[in-house]
Protein chains: 2
Amino acid sequence: MPSVDRKPLITSLNPDVEKALSIAKDAFSKRQGLLIIGNCVVDYRGRASSKLETGERIAIFKEDGSVLVHRPIGYEPVNWQPPSCVFHASVTDDTLHIRAVRQKPQESVRVSFDRVYLLLVLNLVDRGEFALHASEEDMQKAVLVMPSLIEDGLKPITYEKKVEPGFVDVYCEDKSGRLVVIEIKRKTASKQAALQLAKYVEAIRNIVNKNVRGVLAAPNLGKGVQRLLATLGLEFKHLDPRKCAEVLRKPEKRRLQEFFKE
Amino acid sequence: MPSVDRKPLITSLNPDVEKALSIAKDAFSKRQGLLIIGNCVVDYRGRASSKLETGERIAIFKEDGSVLVHRPIGYEPVNWQPPSCVFHASVTDDTLHIRAVRQKPQESVRVSFDRVYLLLVLNLVDRGEFALHASEEDMQKAVLVMPSLIEDGLKPITYEKKVEPGFVDVYCEDKSGRLVVIEIKRKTASKQAALQLAKYVEAIRNIVNKNVRGVLAAPNLGKGVQRLLATLGLEFKHLDPRKCAEVLRKPEKRRLQEFFKE
DNA sequence: GAGTGGATTTCGCAT
DNA sequence: ATGCGAAGTCCACTC
């Protein structure tokens, strides 16, 4: 593959309208992305309707059919479209129109440039993996620090580091005084995890009393685990690694972290 | 003001790292926006943590301190920061780092470019007004077609076009059989609107019975109107013009529209 | 395909 | 400052 020849982007400075149209059509036909900076108005019609009066903005038309129109300030795009749009470029009255049409729901955005300062054809390669981090240990800490991540009124009693990789256990008391055994998984919880938890809960029940709840806390469940949990009389609680990371960042909780670290 | 001299954007194609650094620092010191396209990695640390491996992306650093890092596909930025960040540019090891730091919550994003294809200093002027449309009449129609916009179990009885500009009234029956008088405002509801509604409700009460509710439906309330409503024994219901427009768009509701148009 | 819940949600308005 | 609700939310996942 002659990737040496690939040009990540093709730049046109202050193209006239016809030139811009030609480039845009070509880019869209090749399913390449397009970035336009210029003076424009934007009209949206669909779930609602909107009109944006003339001004200088950055418009991005991505190869997956998504659209972003950004003003000079603000995190959010002033107009946009999620992926799956079809783009149409046209010129009328010395104005370049880019229309993005979506079918479901039926809606469209039209960006009309009376001046184009810059037009970029995008041919970017991005295979980089994206990862949000929150370690398993972090998740356990987070639950200890803020048990409400699992359930309101929960009080941690003790916790235990497991030798088995992939999960940790926390013991709590719920607001009605029942003992709660929590198994935490940082990724999708498997059937094995549910069975493991069942084993612990059963053991605890035999030792303490009948009022023991088993909670599997994880970002999500594997196929069929939901039903298995029901069969075993266990519960699932959604636990977000990112939320855990957030909890651990809160300064006022840091000391509690230290406490549990001992 | 010599706006003739203003350059909407300053373009640098394939700048070397030192040049890019110099431009970036200058732009940030002048509180100008910056757009960089190049090969980068992105690290985020804050409410959560994330790492994005190497790839070609579009990064926008706006003058209000917001940040967007966009991959070639996808509506959402892969990394971002809302307004209020402080930007720092630096170079280490032939790599251009742009750091965006936010104080509350404390977090930061760092975008590190080992190659810069394009660097833009943005000096865009955008005073265009943005408006989401949904006419007052549309809002009335929408409520008639889908009274659940106001409240579940509501049944429209009749409606009335008002001569006074700025609002329309709808009469409904709630699920417990009480009469509900609804005044709709397409913009922020004023005290005057509340008093007007009170007048109507009072009149209806005298004619019909004591079980009459008064509901002021609007996108939002003016200063102090909330308390006035409480004093008058009236209710406020949020009514979104956009939601109304959406309702009217639904094909299966069109016929009902026609019905009411008669 | 519709419905539900989460998000580094963001944003606006109320208290 | 804090908290609650809405969003043209978007998005992923379940039923």
Side-chain angles (χ1 to χ4, degrees), chain A residues 42-52 64 66-69 73-85 100 102 104-109 130-134 149 188 218-227 236-250, chain B residues 42-52 64 66-69 74-85 100 102 104-109 130-134 149 188-189 218-227 229-230 236-250:
Chain A
V42 187
D43 290 276
Y44 162 71
R45 177 81 199 170
R47 285 168 288 180
S49 308
S50 76
K51 186 170 181 64
L52 177 61
D64 64 349
S66 50
V67 181
L68 304 162
V69 180
I73 64 170
Y75 154 77
E76 292 184 325
V78 61
N79 280 107
W80 71 93
Q81 279 297 139
S84 80
C85 282
R102 187 155 80 132
K104 234 177 68 67
Q106 186 143 358
E107 55 185 354
S108 68
V109 166
F130 178 73
L132 269 173
H133 302 296
L149 282 167
T188 300
N220 48 55
L221 289 180
K223 195 68 183 171
V225 180
Q226 178 79 41
R227 194 161 58 233
F236 167 67
K237 296 284 183 175
H238 173 84
L239 183 62
D240 193 315
R242 286 158 288 195
K243 210 76 183 175
C244 290
E246 180 183 355
V247 166
L248 295 182
R249 282 210 71 272
K250 300 199 175 189
Chain B
V42 187
D43 290 277
Y44 162 69
R45 179 80 198 169
R47 286 167 288 178
S49 308
S50 76
K51 186 170 180 66
L52 176 62
D64 64 350
S66 49
V67 181
L68 304 162
V69 180
Y75 155 78
E76 290 183 325
V78 61
N79 281 107
W80 73 91
Q81 276 301 286
S84 81
C85 283
R102 187 155 81 132
K104 231 175 72 67
Q106 186 145 357
E107 54 186 355
S108 69
V109 167
F130 178 73
L132 269 172
H133 302 300
L149 282 167
T188 301
N220 49 55
L221 290 180
K223 193 69 184 168
V225 180
Q226 178 81 34
R227 194 162 57 234
L229 283 175
F236 166 68
K237 293 287 181 174
H238 173 85
L239 182 62
D240 194 314
R242 286 156 290 193
K243 211 76 183 175
C244 291
E246 182 182 355
V247 167
L248 296 183
R249 282 207 71 274
K250 301 202 176 189

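Throughout, protein chains are lettered first and strands after them, A, B, ... in sequence-line order, and every chain is numbered starting at 1.
Straight-line distance from the NZ atom of B/K51 to the C1' atom of C/dT8: 17 Å, rounded to whole Å. The interatomic distance linking B/L229 (CG) with C/dC13 (P) rounds to 17 Å, in whole Å. Note: CG (B/L239) to P (C/dC13) measures 16 Å, nearest angstrom. Atom NE2 in A/H238 sits about 12 Å away from atom C1' in C/dT4, given to the nearest Å. With rounding to whole Å, B/Q81 atom CD is found 8 Å from C/dT10 atom P. Put simply, CG on B/L132 is 14 Å from C1' on C/dC11, counting in whole angstrom units. Between the CG atom of B/L68 and the P atom of C/dT10 there is a distance of 12 Å, rounded to whole Å.
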**OP:** List the protein contact pattern of nucleotides 10-15 of chain D with one symbol per nucleotide (5' to 3'): B for base contact, S for sugar-phosphate-only contact, - for none; contact means a heavy-atom distance under 4.0 Å.
**Re:** SS--S-
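Residues that satisfy the side chain to side chain donor-acceptor pair (under 3.5 Å) test with B/S108, not counting sequence neighbours, are absent from this structure. With sequence neighbours excluded, the residues forming a side chain to side chain contact (heavy atoms under 4.5 Å, CB included) with B/D43 are B/V41, B/K51, B/R110, listed by chain and number.
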Original post:
How far apart are the C-alpha atoms of A/F130 and B/S50, what are their side-chain angles, what is the distance that settles it, and do they pass the side-chain contact (heavy atoms from CB on, under 4.5 Å) test?
Top reply: CA-CA 7 Å; A/F130 178 73; B/S50 76; 3.6 Å; yes
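Here A/K104 reaches the OP1 or OP2 of C/dA2: one of its side-chain N or O atoms lies under 4.0 Å away.
Taking all atoms of both residues into account, the shortest heavy-atom contact from B/P83 to A/Y75 is CD-CB, 3.8 Å.
Two residues are said to be in side-chain contact when any heavy atoms from C-beta on lie closer than 4.5 Å; B/N79 and B/L52 meet this criterion.
Atom name P, nucleotides D/dG8 and D/dC4: the rounded distance is 22 Å, in whole Å. Nucleotides C/dT10 and C/dG6 have their C1' atoms positioned 14 Å apart, rounded to a whole Å.
The backbone N or O of B/P219 sits less than 3.5 Å from a side-chain atom of B/H238, completing a donor-acceptor pair.
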